[in-house]
Amino acid sequence: MDEIKRLISLETKRQKETLMMIPSENYAYPEVRATVGSVLMHKYSEGYPHKRYYQGNKYIDEIEEIAIESAKKLFKTPHANVQPYSGSPANAAVYMALLDPGDIILGMSLNAGGHLTHGHPKITFSGKYFNSIQYGVDKNGYIDFSEVERLAKKHKPKLIIAGLTAYPRQIDFEKFSEISESVGAYLMADISHISGLVVAGIHPDPSKFAHVITTTTHKILRGPRGAIIMVTNKGLEKDLEMGKKIDRAVFPGLQGGPHDNTTAGIAIALRFAQSENYKTYAKEVVNNAKMLSEELTKYGFDLVTNGTDNHLILIDLRRKNISGREFAERLEEAGVVVNYNAIPNDPNPPFNPSGIRLGTPALAARGMGEGEMKKIAKWISEVSERKDREKIAMEVKKLCEEFPID
Ligand code: DSN
């Protein structure tokens, strides 16, 4: 007990004194953290509001209904399920609801910026139980729609996936929709990384184009670790039963009792996301990423697609003669926490790829702006020049103290 307490206190200090720049990470709101640690975690409530398999769910029903209604309002969809434990189970539930084992799916490959659950071959459920075809990006790093179209026409997938974990540009959901319509495929938009930008109106909205939308809730949304699946009007037009199928796939198909403490945290984060303050925050996330990418370019870094439209930046380190892994480790010593990442068509293996991925959601959550991005770019450059990392870590700590986080 004391040992765990001690480690939590050290982790708290680490998070306060270093720059959280992994683009999928963020600081949850203090209200969300308090809710996740509340008595709600004591409850079992298998089923859905007013259709539970356990007694004592009067208040849990209300909480889940608030979360569902907020999700529907925010993402402009007629159906939402807030129970998936996280992003991968959410995507698994969509596949379970809409596909049969062996069906063809078409998703973006991992090293082009997709996700493991988008059909990564052999080692994932999505690549093992489905016949997965993968599209990539063109030589400039942009989604190659001519390839998406060609593969769709050739393989006639039942599901096309539009989503990202390391793609620094906007996703053209309309174009994906045209292609999926032309072959009669379902279109799933996995907006886990960008849902905060979508609700703030600064990224194209998939609700008119996709049949189903998935998102995690702990990234730019600053909620608890969890996920939501939404069925759009277009989805219900294609299959009136789609919402029911999704619900059945989540429970009892894949999961048991929902994490009611998480559901309540999601409800809180979605309420915050409806505010004007949240829009300002999301804009700052993107402004910071743009400023950081301009500064990094000035310092001679090669960025995939030469910049960013969203919250993340992917640096191609090949000309810097340092591997992604080594650079990420050195940056960590300097208090700049990023992750090593494959770049499109990476010649090196996933454990030692040629890139690093960095993002600005947590920096903007601390209130940092363009001036701070200039400092951070300079530190990243200094680390690449093998300057004194301990000294940089002290400067980072000082900056973090100027922008405290609860
Ligand atoms: N693991 C998340 C990320 O880092 O992008 C996606 O699931």
Side-chain angles (χ1 to χ4, degrees), residues 15 18-28 84-95 105 107-121 123-127 132 134 137 141 143 161-171 188-198 203 206 212-229 254 262 266 269 285-286 289 304-305 308-315 324-325 327-329 331-332 336-344 346 350-351 353 355-365:
Q15 290 191 18
T18 60
L19 296 168
M20 182 188 273
M21 291 186 67
I22 292 171
S24 46
E25 293 184 355
N26 208 341
Y27 302 99
Y85 297 145
S86 199
S88 296
N91 288 351
V94 172
Y95 301 173
I105 61 173
M108 179 148 70
S109 69
L110 193 61
N111 82 6
H115 187 249
L116 287 166
T117 57
H118 297 174
H120 190 60
I123 56 170
T124 70
F125 80 91
S126 61
S132 164
Q134 301 253 273
V137 289
I143 291 174
I161 302 138
L164 65 105
T165 66
Y167 183 70
R169 294 294 174 179
Q170 291 193 341
I171 295 202
M188 177 180 104
D190 177 350
I191 58 169
S192 295
H193 264 261
I194 50 171
S195 51
L197 307 183
V198 170
H203 187 286
V212 58
I213 300 171
T214 58
T215 181
T216 47
T217 49
H218 47 274
K219 297 187 174 89
I220 302 182
L221 285 175
R222 301 188 62 190
R225 292 195 98 94
I228 313 174
I229 304 173
L254 281 165
T262 300
I266 290 174
V285 168
V286 175
V304 173
T305 75
T308 183
D309 292 331
N310 57 26
H311 63 303
L312 72 85
I313 296 165
L314 193 57
I315 303 183
R325 189 169 184 160
F327 195 37
E329 285 168 1
L331 284 169
E332 185 179 3
V336 180
V337 184
V338 305
N339 70 278
Y340 56 89
N341 210 95
I343 55 166
D346 203 320
F351 265 121
I356 58 163
R357 185 184 67 149
L358 32 94
T360 52
L363 303 182

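Scope of the values below: all heavy atoms of this structure, side chains included, with no hydrogens, waters or symmetry mates. Just follow the structure's listing: the first ligand is 1, and inside any ligand the first atom is 1. Residue numbers run from 1 in the order of the sequence given.
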Quiz item: Within a strict 4.5 Å, meaning less than it, do heavy atoms of the P23 and R357 side chains meet?
Solution: yes
Quiz item: Are the side chain of Y167 and the backbone of V137 linked by a donor-acceptor contact shorter than 3.5 Å?
Solution: no
Distance dump, ligand 1 polar atoms to protein, N/O, under 3.5 Å:
from: ligand 1; atom 1: 4 (O); to: S24; atom 2: OG; distance (Å): 2.7
from: ligand 1; atom 1: 4 (O); to: R357; atom 2: NH2; distance (Å): 2.8
from: ligand 1; atom 1: 5 (O); to: H193; atom 2: NE2; distance (Å): 2.7
from: ligand 1; atom 1: 5 (O); to: R357; atom 2: NH1; distance (Å): 2.9
from: ligand 1; atom 1: 7 (O); to: H115; atom 2: NE2; distance (Å): 2.9

Quiz item: For atom CD of E332, is the number of surrounding heavy atoms from other residues, nucleotides or ligands below 6.0 Å larger than 12?
Solution: no
Exercise. Establish, from distance only, whether the side-chain atoms of N310 and H193 form a donor-acceptor pair under 3.5 Å.
Key: no
Quiz item: Can you check whether T124 reaches T117 side chain to side chain, under 4.5 Å on heavy atoms?
Solution: no
Exercise. Could you check if a side-chain atom of S126 sits within less than 4.5 angstrom of a side-chain atom of N91, using non-hydrogen atoms only?
Key: no
